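Nothing here was measured: the structure is a model prediction, and the numbers come from that model.
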2 protein chains.
Amino acid sequence: MAQKNKLQFIILGLLNQQPLTGYDLTKAFENEIGEFWQAQHSQIYPQLKRLETQGYIAHEVTVSGAKLEKKLYHITTEGSAILRDWISTGTPDLTATKDEFILKLYFIRSNHDPRLPEMLQEQLQLHTTKYHHLQQRLKTVFTDPASKQAHYGHYLILQHALGREEYYVDWLKQSLAALPTAR
Amino acid sequence: MAQKNKLQFIILGLLNQQPLTGYDLTKAFENEIGEFWQAQHSQIYPQLKRLETQGYIAHEVTVSGAKLEKKLYHITTEGSAILRDWISTGTPDLTATKDEFILKLYFIRSNHDPRLPEMLQEQLQLHTTKYHHLQQRLKTVFTDPASKQAHYGHYLILQHALGREEYYVDWLKQSLAALPTAR
DNA sequence: TGGTTCATGTAACAAGTTACATGATTAG
DNA sequence: CTAATCATGTAACTTGTTACATGAACCA
């Protein structure tokens, strides 16, 4: 296996909360999930078919309006079981973050390289924006304490992502400050 | 294009420092580079051929011992140019970290979930180990200040990776501490 | 009636992993 | 002499992205 097909478990995880259509799932990857995983509908629809053949999900067709058919998928008992297994199994592989900017930095040899300031500055801007964006999401998604209780994992990882961005921003600022002053 | 083929630039970046064989490059991905990017030899050898047809690198054959042939690749002027372009071009896409553990956490709904403590504990152990490992590398790779000068980018990102792990460990400890006490 | 969103699919391609395959050199 | 490492390649497969393709429903 290439790397365990995580997509199937994300789909199962989402369907474990409530029945959804392929379209709903696609939207979920643009919103909540999108913060830490991406998938396009062209990957989702075939995966849904595979999961159904395997018996982990099933669907019923509902009709909106005159004839628009939607396939509303729900998880089966077997699906719930393998989802539980996946979550319970250890996660010993720490994924190396494939950050293109970090990669570029690696090839900068001297701290006098004229490209360094603008490169760091650009990232500072990007990560600051992302930081504010996450701060906003944390505020809007978990307004009342009850939602924090009902979606504890989501709360934990959003908070984690926020902290990670905060560190990234700090590191960029420090690196910029440590640069030799141009004259 | 799928996502810009970063591998080719990593290879060019490494060859920009000194001529290397495919085998050397493979080793580099297991060591320095391995901290933030992976590639197997089965991906490297074909990429080398493509880069050579494109005129960005060239090789000469050297013979070790009686008949073992090595292809020592070096970068061409054109190769240097597109490497410079890649580094100079902005990097506006922040890669979402595809962290499997974070994904699993997302599907944990309650802070009373019995799996939470062991899951956090496992990650704490893994990230602590990685933290120490990075600390060690920073110490061994940059013993004298001169090397820090000559490989400034490498120094920056190693230090960044260390800080990132430090934050991860802190977050895990905090999350563990915040868990409701079992009775 | 016309543009945006809803809704579902396939095709072609790029990137990345695992497995298959072979042979030379070196150090103990 | 034999095991580990050096050295180079291909094949098969999985995962992920972009593009192609179609049509219904909804809102202004």
### Message
When you measure from the centre of the six-membered ring of A:Trp37, is the NZ or CZ of A:Lys6 closer than 6.0 Å and no more than 45° off the axis?
### Response
no
### Task
Could you tell me the separation between the CD atom of B:Gln47 and the C1' atom of D:dT8, rounded to a whole number of Å?
16 Å
### Message
From the set C:dT8, C:dG16, D:dA7, return the single nucleotide nearest to any side-chain atom of A:Tyr23.
### Response
C:dT8
### Query
CG of A:Leu72 versus P of C:dA7: gap in Å, rounded?
10 Å
### Task
Would you kindly check whether a donor in the side chain of A:Ser42 faces an acceptor in the base of D:dT18, or vice versa, at under 3.5 angstrom?
yes
### Query
Are A:Leu134 and A:Glu35 side-chain neighbours, meaning at least one heavy-atom pair lies under 4.5 Å?
yes
### Query
Is there a donor-acceptor pair under 3.5 Å between the side chain of B:Thr76 and the backbone N or O of B:Gly55?
yes
### Message
Is any side-chain heavy atom of A:Thr95 closer than 4.5 Å to one of B:Lys98?
### Response
no
#### Entry: Candidate list A:Glu166, A:Glu165, A:Arg164, test side chain to side chain donor-acceptor pair (under 3.5 Å), partner A:His127, passing option
A:Glu165
### Message
In whole Å, I'd like the distance from the CD atom of B:Gln40 to the P atom of C:dG16.
### Response
10 Å
### Query
Got a donor-acceptor contact below 3.5 angstrom from the B:Lys104 side chain to the A:Trp86 backbone?
yes
### Query
If you look at every heavy atom in B:Leu126 and A:Thr91, which pair is closest and at what distance?
CD1-O, 3.5 Å
### Message
Please compare B:Thr21 and B:Lys98 by the position of their nearest nucleotide in DNA chain D and report the one closer to 5'.
### Response
B:Thr21
### Message
Rounding to an integer number of Å, can you tell me how far A:Gln8 CD sits from D:dT15 C1'?
### Response
12 Å
### Query
Counting only N and O atoms by type, is there a donor-acceptor contact under 3.5 Å from the side chain of A:Tyr167 to the main-chain atoms of B:His160?
yes
## Note on the structure
From CD1 of B:Ile44 across to C1' of C:dG16 the rounded distance in Å is 12 Å
## Note on the structure
In whole angstroms, the gap separating C1' of C:dA15 from CD of A:Gln43 amounts to 12 Å
### Difference in axis direction between the ends of the helix from C:dT1-D:dA28 to C:dG28-D:dC1, five pairs, 10°
30°
### Query
Can the ring centroids of B:Phe142 and B:His151 be said to lie less than 6.0 angstrom from one another?
no
### Message
Using a 3.5 Å distance criterion without hydrogens, assess whether the side chain of A:Thr53 forms a donor-acceptor pair with backbone atoms of A:Lys49.
### Response
yes
### Members of residues 26-35 of chain B that approach DNA chain D, where some heavy atom sits under 4.0 Å away
B:Lys27
### Message
From the set D:dT10, C:dG9, D:dT5, return the single nucleotide nearest to any side-chain atom of B:Lys49.
### Response
D:dT10
### Query
Backbone N or O of A:Lys27 within a donor-acceptor pair of the A:Asn31 side chain at under 3.5 Å?
yes
### Query
Taking C-beta and beyond as the side chain, do A:Arg50 and A:Pro46 meet within less than 4.5 Å on heavy atoms?
yes
### Message
The side chain of A:Lys70 is closest to which nucleotide in this list: C:dA7, C:dT10, D:dA11?
### Response
C:dA7
### Query
Rounded to whole angstrom units, what separation is found between the CG atom of B:Leu25 and the C1' atom of D:dC6?
14 Å
#### Entry: Base-contact (B) and sugar-phosphate-only (S) positions in nucleotides 21-28 of chain C, heavy-atom cut-off under 4.0 Å, - elsewhere
--BSS---
### Query
Between atom OH in B:Tyr45 and atom P in D:dA11, what is the gap in whole Å?
16 Å
